[in-house]
Protein chains: 2
Amino acid sequence: MQAIRPVVIIQTMSETKNRILETMSELLERQGYNGTGLNEIVKLSQTPKGSLYHYFPDGKEEIVAEAIRQKSRGIQELLRHNLAQHDDPAKAVRYHIEFMAQHLAAHECRVGAPLASVVLETATHSERLREACAEAYGNVHEVFKEKLVASGFDDATAIRLMKTIVAAVEGAMILSRAQKDNQPMLDIAASLEILIRAELPTA
Amino acid sequence: MQAIRPVVIIQTMSETKNRILETMSELLERQGYNGTGLNEIVKLSQTPKGSLYHYFPDGKEEIVAEAIRQKSRGIQELLRHNLAQHDDPAKAVRYHIEFMAQHLAAHECRVGAPLASVVLETATHSERLREACAEAYGNVHEVFKEKLVASGFDDATAIRLMKTIVAAVEGAMILSRAQKDNQPMLDIAASLEILIRAELPTA
DNA sequence: GTCTATACGGTGATAGAC
DNA sequence: GTCTATCACCGTATAGAC
């Protein structure tokens, strides 16, 4: 049995298929699931509607589920890179969040939380999309947990802290968009550094 | 100049108007802005469409903006009540979050974060709705801040902590819905208690 | 003033030409 | 296999009868 690595999938994937997914990701982040029409995807990605249903026979749900999976891989990669910048987990987490805060500021805080709106809009009606989001969050969780465990935290504490971190980041992105100001991100960056340091095993 | 208190507004408000707003609030929370149609509102609230545009000439945006304002008042009230249960701010915050966790569990985690999806879906396109959400968040912020300042925190720390709390709660509700499990809420309840206690001025 | 019937645009999806 | 033309449906909003 051979594992298929993401990069292989991407290389195998046709250019148009990839363009559809990228466009969907972008629009989901800006306007949510129901706010993003397939006509808009078709226009922006410059692909005929027929191709869209050729590559994704299950229609919108399938495109979104796949876009989420792809996005999740990208986030994981970025996260791993950012967390590797500091040995100290408190500093590392702060670094990552401040990095994201800059990203928000560069886009007038109209970005961030690419999964949240999909969860909120669809979790009740589509089990498939809910699961895709849950899995994506799980992947992000894992990266944080690895960092915390490597820093000496026991499993239970690491799990609690990682959920706290992900929740705070998700919420802060939403607050930032509402206020058009990334200050909430900077605030949680400081708070989470304090929290992690307070719980850090000194042994 | 006389201030109009919320209760007066509610009493003055016609029964149908109120029913429209309640229905909208409920559906917004479950399916978001674009996922909620006015036809659905009309059907569920048992009000003819004509009345809808009679009471809200600006249409959907106005209904949603008003629903958010009303919801925000309700949240404030609940929050004030919950935070008053303990003098210790760390315990009080934990109490409130665990209260909300129970609320989620009682509804299969399909509730919570009534403002988030509106922000994510509309902030880019409608300044009016973005502002309504920002103001609603501001109201919630205030209640937490009052509690923290009353407990001896200086203003700057109280503001940072209150944003951390609101962000974590918002994010945890989303994670809970994705996972169909309120554990994220319980996790942040524990983490935030630790954080607040760690920063609590002992003077 | 309350309500019904309708307009018109956009939605997701598909049939069928090439 | 790729794509275009079109479908039936639902979205918000409005006109006009009572």
Rounded to whole Å, please give me the gap between [atom1] in [X] and [atom2] in [N].
| X | N | atom1 | atom2 | value |
| --- | --- | --- | --- | --- |
| B:E61 | D:dG11 | CD | P | 18 Å |
| A:L38 | C:dA13 | CG | P | 6 Å |
| B:Y53 | C:dA5 | OH | P | 18 Å |
| B:I63 | D:dG11 | CD1 | C1' | 13 Å |
| B:N34 | C:dG12 | CG | P | 11 Å |
| B:K60 | D:dA13 | NZ | P | 8 Å |

*Going by number, which of residues 19-33 of chain B have a non-hydrogen atom under 4.0 Å from DNA chain C?*
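Contacting residues: none.
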
*Can you tell me if CD on B:Q102 sees more than 12 non-hydrogen neighbours from other groups inside 6.0 Å?*
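No, the 6.0 Å shell around CD holds no more than 12 heavy atoms from other groups.
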
*What closest approach, in Å, do B:K145 and B:A158 show between heavy atoms, and which atom pair accounts for it?*
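Closest pair (atom of B:K145, atom of B:A158, distance): CG-CB, 4.1 Å.
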
*Closest approach of B:M24 and B:A67, non-hydrogen atoms and distance?*
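Closest approach of B:M24 to B:A67: CG-CB, 4.0 Å.
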
*Apply salt bridge (Lys or Arg N to Asp or Glu O under 4.0 Å) to B:E40 and B:K43, showing your working.*
CA-CA 5 Å; B:E40 209 178 349; B:K43 205 191 303 176; over 6 Å; no

Could you run down the sub-3.5 Å N/O contacts of the protein with nucleotides 1-4 of chain C?
unit_1 : atom_1 : unit_2 : atom_2 : d
C:dT2  : OP2    : B:H54  : NE2    : 3.2
C:dC3  : OP2    : B:S51  : OG     : 3.3

*Verdict with supporting geometry, A:R80 and A:E146, salt bridge (Lys or Arg N to Asp or Glu O under 4.0 Å)*: CA-CA 10 Å; A:R80 238 185 273 276; A:E146 280 169 22; 3.2 Å; yes

*asked:* Tell me whether A:K163 forms a cation-pi arrangement with A:F144, defined as NZ or CZ under 6.0 Å from the six-membered ring centre and within 45 degrees of its axis.
replied: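 Because its charged atom misses either the 6.0 Å distance or the 45° angle limit, A:K163 does not stack over A:F144.
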
*Has A:K147 got its NZ or CZ under 6.0 Å from the middle of the six-membered ring of A:F153, at an angle within 45 degrees of the ring axis?*
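Relative to the ring axis of A:F153, which defines the angle, A:K147 lies outside at least one limit.
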
*Sugar-phosphate, base or nothing in reach of A:N39, heavy atoms under 4.0 Å*: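 Since a base atom lies under 4.0 Å of A:N39, the category is base.
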
*Report yes if the side chains of B:T16 and B:S51 come closer than 4.5 Å at any heavy-atom pair, otherwise no.*
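Not in contact.
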
